[in-house]
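To start, the structure itself, in structure tokens.
Whatever order the structure lists them in is the order used to number ligands and atoms, beginning at 1. Residues take their numbers from the sequence shown, with the count starting at 1. Computed from heavy atoms alone, side chains included, the values below leave out hydrogens, waters and symmetry copies.
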Amino acid sequence: MDKIHSLTGMLDLYEDGDSSDLSKNIFETEKRIKNIFSNYYLKEIRTPALEDTDLFKRSAGDISDIVNKEIYSFQDRNDKSISLRPEGTASVIRSVIEKKLDQSNHKLWYMGPMWRYERPQKGRYRQFYQAGVEILGYPEGAPEFEMVSLVCSIIEEFNIADCTLKINHLGNQDNKKAYCDALIKFLEPLKKNLDEKDLERLSRNPLRVLDSKNQDTQLILKDAPSLKEFLETKSIELLEAIKDEFSDVCNIEIDYTLVRGLDYYSGFVFEALSSNLGAQDSFLGGGRYDDLCSKLGGKDLPSIGMAIGIERFASLVSDTTLSDKIVSFITLGSILEPKTYKIAHRLRSLNKNIILDMQLSDSSLKAKLRRANKNNSEYAVIVGEEEFNNGTFIIKPLKDELKEQQTVSIDELFEFYKAL
Ligand code: HAM
């Protein structure tokens, strides 16, 4: 029988994958990101993976690559066009409009799979995970600082080196229009030098030409008018204030050519990049989208948000940043005593920062120590028949060869574990 394979660009993820396996980092990274989200008093929202295709056409923009080429759309049994969500923002806004929550403020987070039919390569998948944040109902100002603070906290918590947070301001509708007109005027006589894709961008969404991957286009753009000339002073001041406040935590660069791949943005936008990622170097992106809610039929709801690409982010996180203290609990011989499980239960409640791996097999001490070393345990707590009868435990250090193993009483074991 032919084997059934996973679909191209879609990964299976195992929390206990080996160190060469990206998936191992993904689970721990997600856990920690969730903790940071709750530190910022963000509340979780879960929306369905499938939505009406029109939602994405009307939000991302029907000339964006995401909607044009990448969306997974199909007819359901009722002949309705539905799509797997390519991103989370549109669904969040659809949901708050539907629940009539668009008249108040919300600070929300979500985490889950997204789908885009892209050509798979390193860091680019057809099913990938995003952790996203949407701060709804607050006009420009405080939320921009809160958002950059959140991004910096994430970068700091995971010790991400070699990364830059690029920030820009797309201006209000008038600034944006004036700049697009100037860009068209500049590029019109040079059209013969643009490829088909850039010509299409120029005619449908000129700002996106700035994002061209074509080196020749980028050369031409060196002499193009700068967006900065078209921005209001307060927009430039906002960018400078953010850079001044947070540059000691993260490398922040104002980049007046930064535009985003989704059409709903206006005002402040940002992207975090790392040179360690290769061609797909952006691991996080977002910005303000004040008009999206009214465009989708809701109230005026000034909003800002961002999403982290979990696979890309996890590939930047080193094992050592993630390493927790693990202790292996090893029982030997015929000691399948309920009491030992109760002792392990007590240990877990004494120190919730430690991961206790209760070894459940009846293999040899050697095999159990091998497992303890493999899962990076710092100590093994060993109970053989003799120890069990004497009420003692062996604490064996596994990482530090200079430390000696010791035999301790149950109270000493509890004290030791508490202090770890
Ligand atoms: P985005 O820039 O399209 O923004 O995606 C955010 C992140 O998702 C990217 O920086 C990247 O790390 C990751 N990503 C995107 N496509 C792929 C892929 N094919 N494979 C792996 N990772 C990928 C948004 O999606 C907006 N909804 C962000 C946002 C929230 N803006 C406001 N609120």
salt_bridge([X], [Y]) N-O dist < 4.0 Å:
| X | Y | answer |
| --- | --- | --- |
| Glu28 | Arg32 | yes |
| Glu188 | Lys191 | yes |
| Glu200 | Lys197 | no |
| Asp211 | Arg208 | yes |
| Asp52 | Arg94 | no |

Assess, by modelled atom type and distance only, whether the side chains of [X] and [Y] contain a donor and an acceptor separated by less than 3.5 Å.
| X | Y | value |
| --- | --- | --- |
| Glu51 | Ser91 | yes |
| His169 | Glu144 | no |
| Asn251 | Thr164 | yes |

Using a plain distance cutoff, I'd like to know if [X] has any nitrogen or oxygen under 3.5 Å from a nitrogen or oxygen of ligand 1.
| X | value |
| --- | --- |
| Tyr264 | yes |
| Met306 | yes |
| Glu87 | yes |
| Leu284 | yes |

Next item on the list: Indicate the ring-plane relationship of Tyr72 and Tyr117, choosing parallel, tilted or perpendicular according to the 30° and 60° boundaries.
Entry: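 Ring orientation, 0 to 90° scale: perpendicular.
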
Identify, for [atom], the protein heavy atom at the shortest distance, and state residue, atom and that distance.
| atom | value |
| --- | --- |
| atom 30 (C) of ligand 1 | Thr89 OG1, 3.0 Å |
| atom 21 (C) of ligand 1 | Gly123 O, 3.3 Å |
| atom 33 (N) of ligand 1 | Glu134 OE1, 2.8 Å |
| atom 15 (C) of ligand 1 | Arg116 NH1, 3.5 Å |
| atom 24 (C) of ligand 1 | Leu262 CD1, 3.6 Å |
| atom 12 (O) of ligand 1 | Ser282 O, 3.0 Å |
| atom 20 (N) of ligand 1 | Tyr125 N, 2.9 Å |
| atom 13 (C) of ligand 1 | Gly309 CA, 3.6 Å |

Item checked: Residue pair Asn214, Asp198: steps toward the side chain to side chain donor-acceptor pair (under 3.5 Å) verdict -> CA-CA 8 Å; Asn214 187 322; Asp198 289 335; 4.6 Å; no

Check: Should one rank Glu118, Arg312, Gln130 by closest heavy-atom distance to atom 7 (C) of ligand 1, which comes out on top?
Finding: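 When every heavy atom of Glu118, Arg312, Gln130 is considered, Gln130 comes closest to atom 7 (C) of ligand 1.
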
Margin query: Measuring from atom 28 (C) of ligand 1, which candidate in Tyr289, Tyr110, Phe283, Tyr265 has the nearest non-hydrogen atom?
Written below: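 Shortest heavy-atom distance from atom 28 (C) of ligand 1: Tyr265.
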
For [X] and ligand 1, answer yes if some heavy atom of the residue is under 4.0 Å from a ligand atom, otherwise no.
| X | result |
| --- | --- |
| Ala272 | no |
| Arg260 | yes |
| Gly132 | no |

Next item on the list: Pick out which of Leu101, Leu108, Asn105, Asp102 makes a side-chain contact (heavy atoms from CB on, under 4.5 Å) with Leu136.
Entry: Leu108

Item checked: For Gly286, atoms of ligand 1 separated by under 4.0 Å from a heavy atom ->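 With Gly286 as reference, the close atoms of ligand 1 come out as 31 (N).
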
